[in-house]
Student: 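I'd like to ask some things about the structure below.
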Protein chains: 2
Amino acid sequence: MSKRRKVGNLLAPALLATVIQRPTHPYEMASLLRARGKEDDMEIKWGSLYTVVGNLVKHGFLEVADTTRRGARPERTVYRITDAGRAELVDWARELVSIPQPEHPKFKAGLSVLATLSPDEATTLLRDRLDRLEQAIAASRASLTRYGRDVPRLFLVEDEYELAVREAEAAWVRSLLDELASGAFPGLAMWRRWHATGEIPPEMAELAERGSVD
Amino acid sequence: MSKRRKVGNLLAPALLATVIQRPTHPYEMASLLRARGKEDDMEIKWGSLYTVVGNLVKHGFLEVADTTRRGARPERTVYRITDAGRAELVDWARELVSIPQPEHPKFKAGLSVLATLSPDEATTLLRDRLDRLEQAIAASRASLTRYGRDVPRLFLVEDEYELAVREAEAAWVRSLLDELASGAFPGLAMWRRWHATGEIPPEMAELAERGSVD
DNA sequence: GGACACATATTCGTTCACGAGTATTCGTTG
DNA sequence: CAACGAATACTCGTGAACGAATATGTGTCC
């Protein structure tokens, strides 16, 4: 499938896209990213920053342009992008945009063990999530409007995308909650009985053994 | 925020949820998960499986129940869940369900470097993505209907969730494509000119320096 | 009946991500 | 003008994640 990259960390394309504008030192790359509101995108980890820059250099995507010192502060190494780096950035961008990848959000992991909770508790927790989601959505919408005033739309698409996805999630949770509240959720009675008595319902017994070894 | 777990890997709750049914050896945990169609959820990595089980043991969430051998095959170690393990599973499930976490899908990383591509190429690539998304959605829908025949809805919620999110993504991409095709996308002319001439448009010059150091 | 693919079951070594620490300087507030 | 918090700039060690290798068992197709 998608050929495996020499440098795999998703911080890398963001860094390349920063350095492509002009040579920079690592700390400034992070600072520029942050100023553009990508902190949420990338959650910049200081530990990774220097490792990733190092790897980019090792594979010829960046090269040292200069080293300077201001006062007694640690020395700065300023990096410049190479032709290979430009090529890698464009190629990677193409791949990221055009090929949907299976994602593994935490919520999915949570849903896949939802059965460990009782239906009543699940309902309460889902309601909590919905509240939090709605708050996050409102905040995100507000911040988009604010940024929208002086940042071109082109640099806000990721945030618009995220907002759209979060809204879809909220809608889905809402509809699940409806089914749980109204009792329309199929198998709800079984689920409830199972948690009340602790007995594995016959409908599930055979199911649980699927994939056994031996 | 969410207190940091002794064992952080999201494979862990899935494993605990498997072992809670009856004692099992690692390979069988994976095999059971796979049979339940969680392979996509978790993308089981053989390398991680044994590390994670080991860590679960180290922190007292699992304990050795038995070791057996069949023929000349490697020895199996069968694990059993502990009370601490049960508590951890439930607590973790609660957290995963009720607290939305910032996610970092690859597409978002792609969108955040979308400007490195020309508007025309971006359009083509987004169309590719939409095609692939639609195929994935159709496949996912088909598999849900098939499973739905004999697996209770409760064990398919993650897949329903994923489907809903993918559909939202497709809708969002579609609407972005419309704006690009019709020319309604704000700043499209600027974006196009910039890629044609290579000159940084004045609207962006000041923007690009935001967050500079010094 | 022999060959080949697929399943069983795990170990090991390497790479990589990242948290936490460090040391200086700047800006601000009382 | 002193003091303190924030920003600057990076280093290092730990531990987790994973790829790849290993080796036998089992089913099946001709």
Side-chain angles (χ1 to χ4, degrees), chain A residues 1-12 14-15 18 23-35 39 42-59 64 66-79 104 109 210-214, chain B residues 1-12 14-15 18 23-35 39 42-59 61-62 64 66-79 104 109 210-214:
Chain A
M1 274 304 107
S2 63
K3 62 175 166 293
R4 91 180 353 43
R5 304 269 159 197
K6 306 266 189 72
V7 180
N9 198 308
L10 281 182
L11 186 53
L15 294 177
T18 308
T24 347
H25 55 104
Y27 188 90
E28 191 173 32
M29 299 175 203
S31 153
L32 288 162
L33 283 177
R34 228 186 315 158
E39 347 98 79
M42 318 280 4
E43 191 80 39
I44 296 151
K45 327 272 183 157
W46 291 112
S48 304
L49 179 60
Y50 292 87
T51 315
V52 171
V53 169
N55 289 340
L56 287 171
V57 172
K58 193 166 73 189
H59 292 97
V64 175
D66 198 9
T67 65
T68 62
R69 175 184 292 277
R70 278 185 49 88
R73 280 196 246 172
E75 193 171 66
R76 291 171 176 170
T77 306
V78 178
Y79 298 92
H104 306 294
R210 243 181 246 182
S212 306
V213 161
D214 259 9
Chain B
M1 267 318 98
S2 62
K3 61 174 167 292
R4 81 181 6 40
R5 306 269 158 197
K6 308 268 188 73
V7 180
N9 198 310
L10 282 182
L11 186 53
L15 294 177
T18 308
T24 346
H25 56 104
Y27 187 89
E28 191 173 32
M29 299 176 204
S31 152
L32 288 163
L33 283 177
R34 226 182 319 155
E39 346 100 78
M42 318 280 6
E43 191 80 36
I44 296 152
K45 325 272 183 155
W46 291 113
S48 304
L49 178 60
Y50 292 86
T51 314
V52 171
V53 169
N55 288 341
L56 287 171
V57 171
K58 192 166 74 190
H59 292 97
F61 300 136
L62 291 182
V64 174
D66 198 10
T67 65
T68 62
R69 174 186 291 278
R70 279 186 47 91
R73 281 195 245 173
E75 195 171 62
R76 292 171 176 172
T77 307
V78 177
Y79 298 92
H104 306 294
R210 244 181 245 181
S212 306
V213 160
D214 260 7

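Nothing here was measured: the structure is a model prediction, and the numbers come from that model. Values below: all heavy atoms of this structure, side chains included; hydrogens, waters and symmetry mates excluded. In the text below, chain A, chain B and the rest are named by the order of the sequence lines, each starting its count at 1.
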Student: How close do V53(B) and Y79(B) get, heavy atom to heavy atom, and via which atoms?
Tutor: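 It is CG1-CE1, 3.6 Å.
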
Student: Could you tell me which non-hydrogen atom of V7(A) sits nearest to which non-hydrogen atom of H59(A), and how far apart they are?
Tutor: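 So the minimum-distance heavy-atom pair works out to CG2-ND1, 3.7 Å.
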
Student: Between dT8(D), dT8(C), dC18(C), spot the one nearest the side chain of N9(A), thanks.
Tutor: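 Per side-chain heavy atoms of N9(A), the pick is dC18(C).
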
Student: Can you sort out which residues in residues 50-59 of chain A have a heavy atom within less than 4.0 Å of DNA chain C? Ascending by number, please.
Tutor: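 Hits under 4.0 Å, by residue number: T51(A).
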
Student: Can a donor-acceptor pair be found, under 3.5 Å and without considering hydrogens, that links the side chain of T18(B) to the backbone of A14(B)?
Tutor: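 At least one qualifying donor-acceptor pair exists.
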
Student: If I take atom CD1 in residue I44(A) and atom P in nucleotide dC10(D), what distance separates them, rounded to the nearest angstrom?
Tutor: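 Interatomic distance, CD1 of I44(A) to P of dC10(D): 15 Å.
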
Student: According to a strict under-4.0 Å criterion, is Y27(A) in side-chain N/O contact with OP1 or OP2 of dC10(D)?
Tutor: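 No, no such contact exists.
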
Student: Side chain to side chain contact (heavy atoms under 4.5 Å, CB included) between T24(B) and M29(B): does it pass, once the steps are laid out?
Tutor: CA-CA 6 Å; T24(B) 346; M29(B) 299 176 204; 4.0 Å; yes

Student: Taking the side chain from S48(A) and the backbone from I44(A), do they hold a donor-acceptor pair closer than 3.5 Å?
Tutor: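 Side chain of S48(A) to backbone of I44(A), a donor-acceptor pair under 3.5 Å: no, none is there.
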
Student: Does any non-hydrogen side-chain atom of T68(B) lie less than 4.5 Å from one of T77(B)?
Tutor: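 No, side chains not in contact.
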
Student: Whole angstroms only, please: what is the NZ-P distance between K45(A) and dA17(C)?
Tutor: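 Between P of dA17(C) and NZ of K45(A): 11 Å.
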
Student: To the nearest Å, how far apart are R4(B) CZ and dC18(C) C1'?
Tutor: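 Taking CZ of R4(B) and C1' of dC18(C), I get 10 Å after rounding.
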
Student: Rounded to whole angstroms, how far apart are CG on L49(A) and P on dA9(D)?
Tutor: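 Value for this atom pair: 12 Å.
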
Student: Distance check needed: dA17(C) C1' versus H104(B) NE2, whole Å only.
Tutor: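 H104(B) atom NE2 is separated from dA17(C) atom C1' by 14 Å.
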
Student: Classify the nucleic acid contact of S31(B) as base, sugar-phosphate or nothing, counting any heavy atom under 4.0 Å across all strands shown.
Tutor: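 If one applies the 4.0 Å heavy-atom cut-off, S31(B) turns out to touch nothing in the nucleic acid.
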
Student: Are the side chains of N55(B) and N9(B) in contact, using a 4.5 Å heavy-atom criterion?
Tutor: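 SC-SC contact between N9(B) and N55(B) ruled out.
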
Student: Ignoring the backbone of W46(B), work out which of dA9(D), dA20(D), dA9(C) is nearest its side chain.
Tutor: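 Per side-chain heavy atoms of W46(B), the pick is dA20(D).
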
Student: Provide, to the nearest angstrom, the distance between the CG atom belonging to L32(B) and the P atom belonging to dA9(C).
Tutor: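 Rounded to whole Å, this separation is 12 Å.
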
Student: Under 4.0 Å between a side-chain N/O of H25(A) and OP1 or OP2 of dT8(D), yes or no?
Tutor: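 Result: no.
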
Student: Round to a whole Å and report the spacing from CZ of R34(A) to C1' of dA7(D).
Tutor: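 Answer to the nearest Å: 8 Å.
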
Student: With nearest nucleotide decided by heavy atoms, which residue, G47(A) or K6(A), maps closer to the 5′ end of DNA chain C?
Tutor: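 The residue whose closest nucleotide sits nearer the 5' end is K6(A).
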
